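Here the structure comes first, spelled out in structure tokens, and everything after it is commentary.
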Amino acid sequence: MRRGRESKAEFGESLALEKADKKTLGSSILFTSKDYGRPMPFKPPAWARKIRKEMLRFRGVRPWEYGYWWIEWGGQLDTIRDNEQIRFELLSIALGVWDYIKNSGEFPEAAAWAMDWIGMIPGKRESRRIVGDYMLTQHDVEGRRGEPADAVAVGGWPLDDHPPEGFDRWKERPNRAIRPKEPYSIPLGCLYSRNVGNLMMAGRNISASHVAFTSARVMATCAALGQAAGTAAAICARKGLLPRALRQDKALLRQCQQTLLRDDQTIKGLRNEDSRDLARRAKVVASSSHPPSRPENVINGFVRDMPGRWENRWGARMTPEGVWLQLEWPEPVSLRQIQITFDTGFHRQLTLSASPHVRRSVIRGPQPETVRDCRLLWRPSADASWRELARIEGNYQRLVRRSFPTVRAQAVRLHILATNGAPIARVYEVRAYG
Ligand SMILES: Cc1cc2nc3c(=O)[nH]c(=O)nc-3n(C[C@H](O)[C@H](O)[C@H](O)COP(=O)(O)OP(=O)(O)OC[C@H]3O[C@@H](n4cnc5c(N)ncnc54)[C@H](O)[C@@H]3O)c2cc1C
């Protein structure tokens with residue numbers, strides 16, 4: 001295991017320190033507050049810090065509904081062992097900042113506001129990292145080490161480092177964020193321990209230098225790492241292997257990556273090459289196509305498009321009768337499952353932040369691009385009539401799977417009846433399994 005920050009010399013990272021230390025990012029305590037519509041006086045406890053205007057030079061306090069990530073402290077201590085001390089210090093800073101908002105005279109509009117919740121356990125940003133067969137570094141985040149053969153997830157958050165002492169360093173900015181040019185790959189080699197054979201990591205404890213950790217440590221990346229580690233662990237358990245053996249077996253590694261793609265994990269540059277997916281052998285036609293999209297895009301193996309591009313999606317302008325997309329095979333095939341990847345507007349921000357400023361750009365509820373109602377139809381031969389396989393109503397999800405008793409189908413049709421509001425229906429991928 002490792003704790004702290006590596007030196008420049010160790011991995012040649014430009015963002016690393018000259019001399020290694022044991023410091024980490026600090027922890028935070030958040031709060032929420034509310035407008036009660038009547039005066040809500042606030043008297044701080046004696047132990048609250050006394051905050052002065054100059055301490056907030058780089059730390060904006062508006063809006064105050066949801067607290068501040070920059071109420072951060074304790075990375076100079078041990079964020080595990082010294083957690084209690086860190087908690088008390090964070091409470092004193094949080095109540096001191098609230099005292100400033102309420103009583104400094106700078107914000108008369110805060111008179112009717114009061115805290116309605118404050119965290120009692122510090123939110124820990126960083127503690128230990130476990131060393132694996134591969135160590136992710138700044139070079140990987142910046143895409144300078146080539147694409148790893150064992151990529152299983154992506155990251156994309158900036159290299160977002162904070163001073164370990166947090167609020168005590170109020171004379172400086174609370175963070176330094178350097179955005180990578182593109183999302184970067186995270187290899188399976190980061191997700192298991194180098195010397196404890198059956199120990200896997202999923203989240204902030206993966207094998208990464210401190211610098212790389214400052215990018216990989218966020219929610220969506222940790223979730224994707226969990227998906228990867230879980231899938232790898234399932235394959236290992238089924239085959240009676242340790243994760244290192246899975247990584248070394250090219251065919252199994254490929255199977256692991258393809259399973260991840262089937263479950264809609266994003267792995268950079270990898271496309272669906274699942275030999276069991278019968279859709280890949282079908283001819284695809286459609287009622288119409290929104291230019292420049294083409295029906296066959298749904299079997300090209302990729303399930304993401306850059307904003308405004310139609311290279312990996314099929315789209316069609318909705319009509320009162322709906323629009324359809326059809327897979328046809330030269331001979332009937334046995335089908336038991338259809339899987340569809342719809343568009344959920346990934347180009348738009350979707351976050352659960354309580355901050356009204358962030359929420360303004362978020363569409364709450366189903367995303368308009370996503371297909372809401374559709375029917376899956378099949379026919380045994382080209383001249384037979386269509387029969388219903390499944391009906392999907394009220395959908396808002398990206399990945400939709402429907403299983404049914406086996407049919408011998410010569411064609412399958414996805415008949416889209418409604419989106420969640422967008423005039424153009426969109427489909428990234430259709431898969432078919434026997
Ligand atoms: C103040 C703060 C602000 C942040 N801001 C952002 C942000 O804006 N965007 C973002 O994407 N990320 C942000 N993060 C990071 C984000 O919170 C983490 O990346 C995320 O919570 C990690 O999720 P996880 O499920 O991997 O781990 P955790 O959320 O840490 O979950 C691990 C769980 O395991 C439990 N556990 C531990 N040991 C055991 C055991 N032995 N047995 C059973 N259960 C156990 C723990 O209690 C915990 O519930 C922030 C973090 C902090 C602290």
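Note that the structure is predicted; figures quoted are calculated from it, not measured. Note that ligands are numbered from 1 as they come in the structure, with each ligand's atoms numbered from 1 the same way.
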### Message
If we ignore hydrogens and angles and just use 3.5 Å, is the side chain of Glu106 paired with the main-chain N or O of Ile101 as donor and acceptor?
### Response
no
### Task
Taking the side chain as every heavy atom from C-beta outward, state whether Arg3 and Lys23 have any atom pair closer than 4.5 Å.
no
### Query
Is the closest side-chain donor-acceptor distance between Glu126 and His210 under 3.5 Å?
yes
Pairs under 3.5 Å, nitrogen or oxygen of ligand 1 with protein nitrogen or oxygen:
unit_1   : atom_1 : unit_2 : atom_2 : d
ligand 1 : 11 (O) : Met219 : N      : 2.8
ligand 1 : 12 (N) : Met219 : N      : 3.4
ligand 1 : 19 (O) : Arg217 : O      : 2.6
ligand 1 : 30 (O) : Arg204 : NH2    : 2.6

### Query
Once the angle between the rings of Phe167 and Trp70 is folded into 0 to 90°, is it parallel (under 30°), tilted (30 to 60°) or perpendicular (over 60°)?
parallel
### Query
Any donor-acceptor pair under 3.5 Å linking the side chain of Arg401 with the backbone of Leu399?
no
### Task
Applying side chain to side chain donor-acceptor pair (under 3.5 Å) between Asp160 and each of Arg179, Arg176, Arg217, report the one that passes.
Arg217
